[in-house]
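This report refers to the structure that appears directly beneath it.
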Number of protein chains: 2
Amino acid sequence: MSRKKVTIRDIARESGVSVATVSRYLNKNSYTSPETEKKIQKVMERFQYTPNAIARGLAKQKSNTIAFVTPDITNPFFPELVNSIEKVAKAKGYSLLLINTNEQELQNLDFWNHFQSKYIDGFIMAESELNEKARRYLDEMEIPFVRIDRAVHPEHSNSVHVDNFEGARLAVRHLLEIGCKKVAHISGPNSLYPAQERLMGYQNVISNTKMTSIVLEGDFTLESGTAQTEKLLQEHPDVDGIFYANDLMAIGALKAFRAHQKSVPEDIAIMGFDGIRLTEIVHPEISTIKQPIDKIGETATNQLIHFIENPDEVCGENVLLKVELVERESTRR
Amino acid sequence: MSRKKVTIRDIARESGVSVATVSRYLNKNSYTSPETEKKIQKVMERFQYTPNAIARGLAKQKSNTIAFVTPDITNPFFPELVNSIEKVAKAKGYSLLLINTNEQELQNLDFWNHFQSKYIDGFIMAESELNEKARRYLDEMEIPFVRIDRAVHPEHSNSVHVDNFEGARLAVRHLLEIGCKKVAHISGPNSLYPAQERLMGYQNVISNTKMTSIVLEGDFTLESGTAQTEKLLQEHPDVDGIFYANDLMAIGALKAFRAHQKSVPEDIAIMGFDGIRLTEIVHPEISTIKQPIDKIGETATNQLIHFIENPDEVCGENVLLKVELVERESTRR
DNA sequence: TTGAAAGCGCTAACAT
DNA sequence: ATGTTAGCGCTTTCAA
């Protein structure tokens, strides 16, 4: 038996109906009599028919593909996130395209033209920012997207967002509860909104104590965790609790503590933020504020697909998810 | 200004030529006079024309997308790999689809029908195995693919493969050189060819000494690293060197050593395999046999695209890449 | 409820 | 060197 690809026309001919009827059956959007449905169904099975997605895409101007756009997929947040995004997408009949591109290029209208030329139905972005021009262009082209993680910004809607402020408060209060007397914060880049929120959470709690606020700005990388901790230990050798704006920096800090013979949690207790798996792998295991990563991916994807399929519902909401304190060795006294 | 999408017909009309000429210009596969080229070029720029990828796909039966197929993208190997795959793919005009699916489903012909219905041009797989039926089907459909990492198997060609045997030998010899007297191996699953090769490398070196071979089978997970190390310490408390078939298990082992108050490298020296970034993050930093991850991704992608674009060259080669010893704290005496 | 036919936007013979 | 035209496989009016 030759593997000639079977088309809708073959199915139509073989079932004795027109292609239009077969198409209707396929799309279940118009009535078809039960009998013809049965017939078509049978024939499709016999021929192992699978409608051609590309042809469909061309006719409907829709690819049933969404994209995940990021400048750096080695961000440790990424794999789990993609997992849940892909899961939901697949369940709803969408494929996931991975697009690795820098912030620069996202401002380029050509980039979006190519994007549209594939009829990509929408995308999720986790890190970059779009300038005014790009946003307007996307708007004209009616390509929906949702922001998560570092891409969240209060000026823009359509995002899935976690409670960074409350999370930071949880973290700092936890440090106070276990008896820390001098608590510092290594923040994320000030330009990022989630980093600002975490900083504000820290300050909010500290301002209700007699402590003074000690903040150094990091950049969310492992290396900056090590470096800023070094600096902090230099300037304030008596710090006994540190809240890091993300887990990676907290993990990087461990190297600095080792160099300074400080033991965690005995000399200094530390908290991270994110809940990446790495926190359980290092020693000591790091206490953290855990984000519901799967839920973020799921919610974002559901929301995106909702927009795609209901373009009329103009304005998207912002979802806010809860975070949770996870206590581990780094704060166990 | 309305954003009506501009098509090849608009460009043709506006440049005073036929669509065929524009198409030729686009595909640069037939001659067009320099003058008309200039004209067309101008018009395209003026209209910001981007050819519709879906329409092209339908006509050429080709989507210019490749897929990365894996059952578990949280495999720590993944992000860096995808990075290099995507980079090469993009440079050659291909997009990357991420497909998360279990081994089970890969045997399902419907899965491949859907795959084909999108005109996916080829794929890379890193972990699963395909049964005879699926392989034949792919063959009939002429969907090329290449195997890397755990999916490599000596019975199949078209793979990019590292020198596991030699790598294992390097690792074990290194342990001997730093003075280990009793060296054990925690292997990967026996069912996986790369794991077998690493095991053979271990045995090869050990057989040239007066030592006896001590091997426990792990499964490449962090947890199994901890568990098998526990077991090993129970059975052979005097082991003073361990070669782990991958980094993750070596990292998991650290927990076991801590529990048994064994210090690394003083009491026991350990080596991993892979060269994932994590080995530099934990303490002590783990010596390892580093695979050229980027190169694997690049080579695999280049090879895949080569097959896609030269379907005539029937039989694919197997590329073998070198590995490299990286000495870190875990073997520094 | 079903069919005929005109697209969707591009490619690739075949002509000229 | 360029134009005509018939697809690629499916969807969607419009009629019946």
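So you know, we letter chains A, B, ... as the sequences are listed, proteins then strands, and number each from 1.
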task: Taking only the side-chain nitrogens and oxygens of B:R56, find out if one of them lies under 4.0 Å from OP1 or OP2 of C:dT11.
output: yes
- request: Count the heavy atoms of every other residue, nucleotide or ligand shown that sit under 6.0 Å from NZ of A:K295, and state whether that count exceeds 12.
  value: no
- line: With the side chain defined as heavy atoms from C-beta on, A:A59 is closest, among D:dG3, D:dT11, D:dT5, to D:dT11
message: The side chain of B:R24 is closest to which nucleotide in this list: C:dG9, C:dA13, C:dA12?
response: C:dA13
- prompt: Base, sugar-phosphate alone, or nothing: which one does A:S23 contact when heavy atoms must sit under 4.0 Å apart?
  reply: base
task: For D:dC10, take OP1 and OP2 only and decide whether either is under 4.0 Å from a side-chain N or O of A:Y49.
output: yes
- line: Of A:R9 and A:T21, the one whose nearest nucleotide on DNA chain D sits closer to the 5' end is A:R9
- request: Could you tell me whether the phosphate oxygens of C:dT2, OP1 or OP2, come under 4.0 Å of any side-chain nitrogen or oxygen in A:S33?
  value: yes
message: Among C:dG9, D:dC10, D:dG3, which nucleotide has an atom closest to any side-chain atom of B:V17?
response: D:dG3
message: The side chain of B:S30 is closest to which nucleotide in this list: D:dG7, C:dA5, D:dT2?
response: D:dT2
- prompt: Closer to the 5' end of DNA chain C via nearest nucleotide, is it A:Y31 or A:A20?
  reply: A:Y31
Whether A:F145 and A:F123 hold their rings parallel, tilted or perpendicular, with breakpoints at 30° and 60°: parallel
field: Note, A:R24 side chain near A:S30 side chain (heavy atom, < 4.5 Å)
entry: yes
message: Please confirm whether the shortest side-chain N or O distance from B:T36 to OP1 or OP2 of D:dA1 is below 4.0 Å.
response: no
message: What contact category does B:V22 fall into here, base, sugar-phosphate, or nothing, at under 4.0 angstrom with non-hydrogen atoms?
response: nothing
field: Minimum-distance nucleotide (side-chain atoms of A:S18 versus C:dC8, C:dG3, C:dT2)
entry: C:dG3
field: Side chain of B:Y119 (C-beta onward), nearest among C:dG9, C:dT11, D:dC8
entry: D:dC8
task: Determine the sole option in B:K60, B:K62, B:K92 for which the salt bridge (Lys or Arg N to Asp or Glu O under 4.0 Å) test with B:D121 is passed.
output: B:K62
message: So B:Y25, base contact, sugar-phosphate only, or nothing? Heavy-atom distance under 4.0 Å.
response: nothing
- prompt: Under 4.0 Å between a side-chain N/O of A:N27 and OP1 or OP2 of D:dT11, yes or no?
  reply: yes
